[in-house]
Structures are given as structure tokens and as C-alpha cells.
Amino acid sequence: MVMTELRENSEAKAYSDNLYEVVFQPVTKRPEYQDEPLKSKLVELKEAMGTEYFNQYIETLIKITYTGTVLWLITGREMNRTILEGKYLPLIREVFGVQSIRIFSQT
């Protein structure tokens with residue numbers, strides 16, 4: 001969306017020019033996660049976790065930082081962080097081939 005469309009959207013919703021709505025996109029739909037090797041790692045993780053759990057815990061992440069040796073995941077819910085660390089940490093470590101994983105919650 002260009003800025004004029006955002007302003008028109010904000011006017012239609014009675015927002016000020018400085019406030020506009022940004023629609024949340026799932027991780028695999030965001031442009032910043034379309035490059036390799038991250039894209040193929042996410043596909044592999046989805047196959048390993050299953051679509052339902054991948055959609056619930058990975059697609060909803062706020063941010064992923066992957067350097068090849070370090071992986072950081074930021075989630076918006078503490079419960080999701082707990083489940084990722086408790087149930088899926090070994091799987092995530094294996095798929096991404098990293099020893100250092102940090103999972104943060106923004107709550």
C-alpha cells in the first residue's frame with residue numbers, strides 16, 4: 001500500500017493521518033522470509049511439526065532472526081514461547097542446524 005492509500009484508509013476509519021492499520025501477515029507470507037535458506041527451513045519445519053501446530057506457533061511469530069548459527073524467535077504470547085521451548089525446541093534446533101536458540105515473548 002502506498003501512503004495515500006493508507007491515509008484514505010485512516011480517513012475512512014476516522015483515524016488521524018499519523019495512525020493507520022497494518023494487517024498482520026503470517027511468517028511464510030512476509031517478503032523478508034522468502035530468501036534461502038530460511039524459506040526452505042520453514043517448509044521443513046512445517047512438515048515436521050504438522051500444519052496445525054506450525055500455523056499456531058510459527059506463522060504467528062512477530063520476528064525470526066536466523067544467522068546460520070543463531071536463531072531468535074519472537075512471539076506475542078508467553079504461552080506460545082513456553083510451548084515452543086518445552087515441546088518443539090529439539091525439533092527446531094535440528095531443522096535449523098543451530099545450537100543457540102532464543103525464544104522471546106513480547107508480553
Side-chain angles (χ1 to χ4, degrees):
M1 255 188 208
V2 294
M3 188 55 79
T4 56
E5 290 175 355
L6 291 172
R7 285 196 177 129
E8 289 172 10
N9 188 29
S10 66
E11 289 171 7
K13 294 186 176 187
Y15 299 158
S16 75
D17 286 341
N18 297 323
L19 181 66
Y20 55 89
E21 182 178 24
V22 177
V23 178
F24 182 83
Q25 287 189 324
V27 164
T28 57
K29 303 290 186 211
R30 295 183 216 157
E32 63 265 33
Y33 303 123
Q34 300 306 310
D35 294 332
E36 294 299 338
L38 188 55
K39 183 177 180 175
S40 59
K41 299 285 186 189
L42 289 170
V43 169
E44 186 179 343
L45 185 60
K46 183 175 184 176
E47 290 172 3
M49 288 179 77
T51 302
E52 179 183 355
Y53 296 117
F54 182 86
N55 289 345
Q56 186 172 357
Y57 301 114
I58 303 299
E59 287 283 27
T60 60
L61 290 172
I62 295 169
K63 182 163 176 64
I64 299 173
T65 301
Y66 176 62
T67 67
T69 58
V70 174
L71 179 66
W72 287 4
L73 307 176
I74 302 175
T75 181
R77 300 183 68 201
E78 177 63 23
M79 184 178 78
N80 289 3
R81 184 197 65 77
T82 302
I83 291 169
L84 285 169
E85 284 187 350
K87 186 173 182 178
Y88 294 107
L89 194 63
L91 177 62
I92 295 168
R93 179 176 282 124
E94 180 183 327
V95 168
F96 282 88
V98 295
Q99 289 301 314
S100 179
I101 300 175
R102 294 289 310 265
I103 304 174
F104 304 91
S105 171
Q106 276 197 335
T107 55

Visitor: Same cluster or not: are Met79 and Tyr57 linked, directly or through other Ile, Leu, Val, Met, Phe, Trp or Tyr residues, by side-chain heavy atoms under 4.5 angstrom apart?
Guide: yes
Visitor: In this structure, would Val27 and Leu89 fall into the same cluster of hydrophobic residues linked by side-chain contacts under 4.5 Å?
Guide: yes
Visitor: Going from CZ on Phe104 to OG1 on Thr65, what distance comes out if it is rounded to the nearest 0.5 angstrom?
Guide: 8.5 Å
Visitor: Give every residue pair that meets the salt bridge (Lys or Arg N to Asp or Glu O under 4.0 Å) criterion with at least one member in residues 77-89, sequence neighbours excluded.
Guide: Glu78-Arg81, Arg81-Glu85
Visitor: Just how far is it from atom CD1 of Ile92 to atom CG of Leu73, taken to the nearest 0.5 Å?
Guide: 5.5 Å
Visitor: Check salt bridge (Lys or Arg N to Asp or Glu O under 4.0 Å) between Glu47 and all other residues, then give those that pass, not counting sequence neighbours.
Guide: none
Visitor: Counting only heavy atoms not in Tyr66 (residues, nucleotides, ligands), do more than 12 fall under 6.0 Å from its OH?
Guide: yes
Visitor: Report the distance from atom CG of Asn80 to atom CD1 of Ile58, rounding to the nearest 0.5 Å.
Guide: 9.0 Å
Visitor: Please name the pair of heavy atoms, one in Thr60 and one in Phe24, separated by the smallest distance, quoted to 0.1 Å.
Guide: O-CZ, 3.7 Å
Visitor: Which atom names give the shortest non-hydrogen contact between Arg30 and Glu59, and what distance separates them?
Guide: NH2-O, 4.1 Å
Visitor: State, yes or no, whether a side-chain contact exists between Pro37 and Glu44 at a heavy-atom distance under 4.5 Å.
Guide: no
Visitor: Assess whether atom CD of Gln99 is packed by more than 12 heavy atoms of other residues, nucleotides or ligands within 6.0 Å.
Guide: no
Visitor: Considering only heavy atoms from C-beta outward, does the side chain of Val98 approach that of Thr67 to under 4.5 Å?
Guide: no
Visitor: Is it true that Tyr88 and Leu61 fall in one hydrophobic cluster, defined by side-chain heavy atoms closer than 4.5 Å?
Guide: yes
Visitor: Quick one: closest heavy-atom pair of Leu91 and Ala48, and the distance?
Guide: CD1-CB, 3.6 Å
Visitor: For Gly76 versus Ser105, what's the shortest heavy-atom pair and its separation?
Guide: C-OG, 4.4 Å
Visitor: Taking everything shown except Arg93 itself, do over 12 heavy atoms lie less than 6.0 Å from its CZ?
Guide: yes
Visitor: Working to the nearest 0.5 angstrom, can you tell me the gap between Phe96 CZ and Thr69 OG1?
Guide: 13.0 Å
Visitor: Leu84, Ile62: one ILVMFWY side-chain cluster at the under-4.5 Å cut-off?
Guide: no
Visitor: Let me confirm one number: the OH-CD1 distance from Tyr33 to Ile64, rounded to the nearest 0.5 Å.
Guide: 5.0 Å
Visitor: Just verifying a value: how many Å separate Gln34 CD and Thr28 OG1, rounded to the nearest 0.5 Å?
Guide: 7.0 Å
Visitor: Going only through I, L, V, M, F, W and Y residues with side-chain contacts under 4.5 Å, is there a path from Ile83 to Leu71?
Guide: yes
